[in-house]
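The structure appears below as structure tokens.
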Protein chains: 2
Amino acid sequence: MPATHTDKAFEQDLRDLRERLLAMGAKVEALIAGSVRALTERDSVLAEKVIQSDKDVNRLEVEIDDLCRRILALRQPAASDLRLITTALKIVTDLERIGDLAVNIAERANDLNQVPPLAPYVDTPKLAELAQQQVKKALDAFVSNDVAKAEEVLRGDDLLDALFLKIFNELLAYMMEDSRNIRRATALMFIAKHLERIGDHALNVAEMVVYMVRGKDIRHPLSRNLTME
Amino acid sequence: MPATHTDKAFEQDLRDLRERLLAMGAKVEALIAGSVRALTERDSVLAEKVIQSDKDVNRLEVEIDDLCRRILALRQPAASDLRLITTALKIVTDLERIGDLAVNIAERANDLNQVPPLAPYVDTPKLAELAQQQVKKALDAFVSNDVAKAEEVLRGDDLLDALFLKIFNELLAYMMEDSRNIRRATALMFIAKHLERIGDHALNVAEMVVYMVRGKDIRHPLSRNLTME
């Protein structure tokens, strides 16, 4: 029964793909958390660790891309299976970019750790946690084909945007108050912006999941909102 | 001769794909140029036009994605053809994100047009032009399988980064000089950052082209550099 054999091999490939995407997601979440902890705890050793660990994320990207291409070549999937694989190819790029953003945050944390802190970081870790949750939820939605969960991510993005704006305005106030705050506040602004962008990547993934499951493209009515700040 | 027929149909599909990607690229380039012209010429009508035109880019993304999936399902390409299609799927996402960044710039230009200008914008249009050239060159490299051109893009990114840093430092100086400059300078900083990110997308595309042609993944030694600022 070669058909059954192929089906089983295909199922195994898909399980493999899901597992690797989740592993990559977990790695990326750890980088987000680590990069912000490097900032709040002024831990430059941790920042360096984040910068180094990005290699693992990059390796996973290459492996998952290869796996997707292997599945396409060997199993020639159609319809919803084909959508699953082409979506995975795009999601993996979003995850890799999130890793890059975490590296960016760690690098700026490193710079900020050389100078006295500007203020207690209350909202930045909160923003990081929200962004991390969005990434996790979007990826869970992908591996479990769960539209409801993807829609939670779509709704959750407003919270991130609101918190980013709050941080942005607070930093602006610090800058106005004393010009010696400007350089540090600018660096913190970019960190907050990176976290908000991580949220955008989660949103992109969630939009693709809705499309993958429903076969209907919702990306673009929503993408207009996500570019507003 | 059904094989020849299929080959011809496949060739036609690939031509179609290349043409649409170039059309999307041209559209995206026009958005970059328009968004920065909206800023330098204080033209809010143009800014609004950019914001509206992003719809066309989004439509092109959906169409090209569908075309790629159709080619995968009907032609079941292998080896280098398969790499071409999976690369196109990723490139289209980069182009769409560039469109979003141009919208972001246009929105900030709109805000800045409500207040007196901070300073003559000399380097920002130059940065926009560089970013636009990088996008065009990366896409040309893709459609013509041209590794040498892709490598030009890889080398060209340093110029963008250097110009971004120059603008960033100038804006920082304006902020230090007078706190009334802070809000406008911050908006201009984000615009410059968006342009630099557009350059990063071009770099991503160029890295994928090298991989596509050589079959060797060079993305990650380089991606470390591109995240530095």
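In what follows, chains are A, B, ... by sequence order, proteins preceding strands, each numbered from 1. Note that the structure is predicted; figures quoted are calculated from it, not measured.
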Please classify the contact of A:Arg180 with chain B as side chain, backbone, both or neither, using a heavy-atom distance under 4.5 Å. neither
Please classify the contact of B:Ala78 with chain A as side chain, backbone, both or neither, using a heavy-atom distance under 4.5 Å.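 For B:Ala78, there is no contact with chain A at all, as no heavy atom is under 4.5 Å.
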Which one wins on heavy-atom pair count under 4.5 Å against chain A: B:Asn181, B:Asp178, B:Thr186? B:Thr186
Choice from A:Leu72, A:Leu89, A:Val92, A:Ile85 maximising heavy atom contacts with chain B below 4.5 Å: A:Leu89
In a check of salt bridge (Lys or Arg N to Asp or Glu O under 4.0 Å) between A:Asp13 and each of A:Arg75, A:Arg69, A:Arg20, which one passes?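 Among A:Arg75, A:Arg69, A:Arg20, the one meeting salt bridge (Lys or Arg N to Asp or Glu O under 4.0 Å) with A:Asp13 is A:Arg75.
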Give a yes or no on whether the backbone of A:Val153 and the side-chain of A:Asp157 come within a donor-acceptor separation of less than 3.5 Å.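 The answer is no, because no donor-acceptor pair under 3.5 Å joins these two groups.
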Check: B:Leu154 and B:Glu207 side chains under 4.5 Å, non-hydrogen atoms: yes
Tell me, do A:Glu29 and A:Leu139 make a side-chain contact under 4.5 Å, heavy atoms counted? no
